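As structure tokens, the structure follows; a few thoughts come after it.
Note that the structure is predicted; figures quoted are calculated from it, not measured.
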Amino acid sequence: QVQLVESGGGLVQPGGSLRLSCSASGSIFSIYPMGWYRQAPGKQREKFAGITSHGSTNYADSVKGRFSISRDNAKNTVYLQMNSLKPEATAVYYCNADEIWNWGQGTQVTVSS
């Protein structure tokens with residue numbers, strides 16, 4: 001079973017930036033499409049960014065133009081660059097491959113002044 005470890009979260013002011021990382025154990029990472037998900041307090045977890053094994057990306061309208069997903073298959077890692085952060089981005093952030101693996105612990109992102 002693949003294990004996922006997210007990192008890079010923290011407290012940031014509105015308009016700021018953060019870069020999240022998600023490392024996956026195992027050698028099968030490179031063949032799977034990956035996504036970033038987030039769960040805000042009192043809300044369901046939602047997927048907002050995805051990247052195929054070949055690097056094609058897609059985003060929810062709420063983050064398009066401000067967030068960027070990328071991956072390094074040699075390092076079994078997927079990244080999320082978040083710019084122009086808004087308070088509504090406050091959530092726990094997770095990565096997964098179409099939700100087929102066990103969820104990691106996530107990383108908390110708090111956008112507040």
Side-chain angles (χ1 to χ4, degrees):
Q1 179 65 260
V2 172
Q3 291 186 322
L4 300 167
V5 179
E6 299 90 353
S7 62
L11 173 64
V12 63
Q13 292 187 342
S17 298
L18 280 174
R19 188 189 192 214
L20 307 184
S21 299
C22 169
S23 296
S25 64
S27 60
I28 60 174
F29 170 85
S30 64
I31 67 173
Y32 283 93
M34 293 293 296
W36 279 98
Y37 303 72
R38 63 187 177 186
Q39 187 168 20
K43 296 186 177 181
Q44 290 188 331
R45 184 154 39 201
E46 61 168 358
K47 182 181 179 182
F48 62 89
I51 185 167
T52 68
S53 58
H54 299 293
S56 296
T57 60
N58 60 86
Y59 302 93
D61 288 344
S62 58
V63 306
K64 198 173 294 183
R66 299 185 297 113
F67 290 12
S68 178
I69 186 172
S70 60
R71 67 191 297 162
D72 185 335
N73 288 336
K75 296 182 178 179
N76 281 10
T77 300
V78 62
Y79 303 98
L80 182 70
Q81 177 67 42
M82 303 188 294
N83 299 325
S84 302
L85 281 162
K86 303 176 181 180
E88 50 264 41
T90 296
V92 181
Y93 284 69
Y94 305 86
C95 70
N96 211 314
D98 287 339
E99 305 185 41
I100 64 172
W101 297 328
N102 291 336
W103 294 99
Q105 83 288 351
T107 187
Q108 175 71 48
V109 172
T110 302
V111 185
S112 175
S113 55

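Under the 4.5 Å side-chain criterion, counting only non-hydrogen atoms from C-beta, Leu85 is in contact with Phe67. Considering only heavy atoms from C-beta on, Cys22 stays 4.5 Å or farther from Tyr93 through its side chain.
Rounded to the nearest 0.5 Å, atoms CE (Met34) and OG (Ser53) are 11.5 Å apart. Atom CG of Asn76 is separated from atom OG of Ser30 by 7.0 Å, given to the nearest 0.5 angstrom. The distance from atom CD1 of Ile51 to atom OG of Ser56, rounded to the nearest 0.5 Å, is 8.0 Å. We find the CZ-OG1 distance between Arg38 and Thr107 to be 14.0 Å, quoted to the nearest 0.5 Å. To the nearest 0.5 Å, atoms CZ (Arg66) and NZ (Lys86) are separated by 4.5 Å. Atoms OG and CD, from Ser17 and Gln81 in turn, are 5.5 Å apart once rounded to the nearest 0.5 Å.
By the rule that hydrophobic residues join a cluster once side-chain heavy atoms approach within less than 4.5 Å of another member, Val111 and Val63 end up as members of one cluster. In the hydrophobic cluster analysis, where Ile, Leu, Val, Met, Phe, Trp and Tyr join through side-chain heavy atoms closer than 4.5 angstrom, Tyr79 is grouped apart from Val12. Clustering ILVMFWY residues whenever any of their side-chain heavy atoms sit less than 4.5 angstrom apart, transitively, puts Leu18 in a cluster other than the one holding Val5. In terms of hydrophobic clustering, with Ile, Leu, Val, Met, Phe, Trp and Tyr side chains grouped at heavy-atom distances under 4.5 Å, Ile100 and Tyr94 are assigned to different clusters.
The two residues Gln44 and Gln39 make their nearest non-hydrogen contact at C-CG, 4.1 Å. Smallest separation of non-hydrogen atoms from Gly106 and Val92: CA-CG1, 3.8 Å. Counting all heavy atoms, side chain and backbone alike, Phe29 lies closest to Val78 at CZ-N, 4.1 Å. Considering every non-hydrogen atom in both Tyr59 and Ile69, the closest pair reads OH-N, 2.9 Å. When all heavy atoms of Thr90 and Ala40 are compared, the closest pair comes out as O-CB, 3.6 Å. Between Ala24 and Leu4 the shortest heavy-atom distance is CB-CD2, 3.7 Å.
For Tyr37 and Trp103, the gap between ring centers is short of 6.0 Å.
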Would you please test Leu20 and Val109 for side-chain contact (heavy atoms from CB on, under 4.5 Å) and show each step?
CA-CA 9 Å; Leu20 307 184; Val109 172; 4.1 Å; yes

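Around the CD atom of Glu88, the shell of radius 6.0 Å holds more than 12 heavy atoms that belong to other residues, nucleotides or ligands. Sparse packing is recorded around CD of Gln3, with 12 or fewer heavy atoms of other residues, nucleotides or ligands lying under 6.0 Å away.
Checked by atom type and distance alone, the side chain of Gln105 pairs as donor or acceptor with a backbone atom of Glu6 at under 3.5 Å. Checking side-chain atoms of Arg71 against main-chain N and O of Thr52 turns up a donor-acceptor pair under 3.5 Å. Side chain of Asp72 to backbone of Thr77: no donor-acceptor contact under 3.5 angstrom is found.
Residues satisfying the salt bridge (Lys or Arg N to Asp or Glu O under 4.0 Å) test with Lys64, not counting sequence neighbours, are Asp61.
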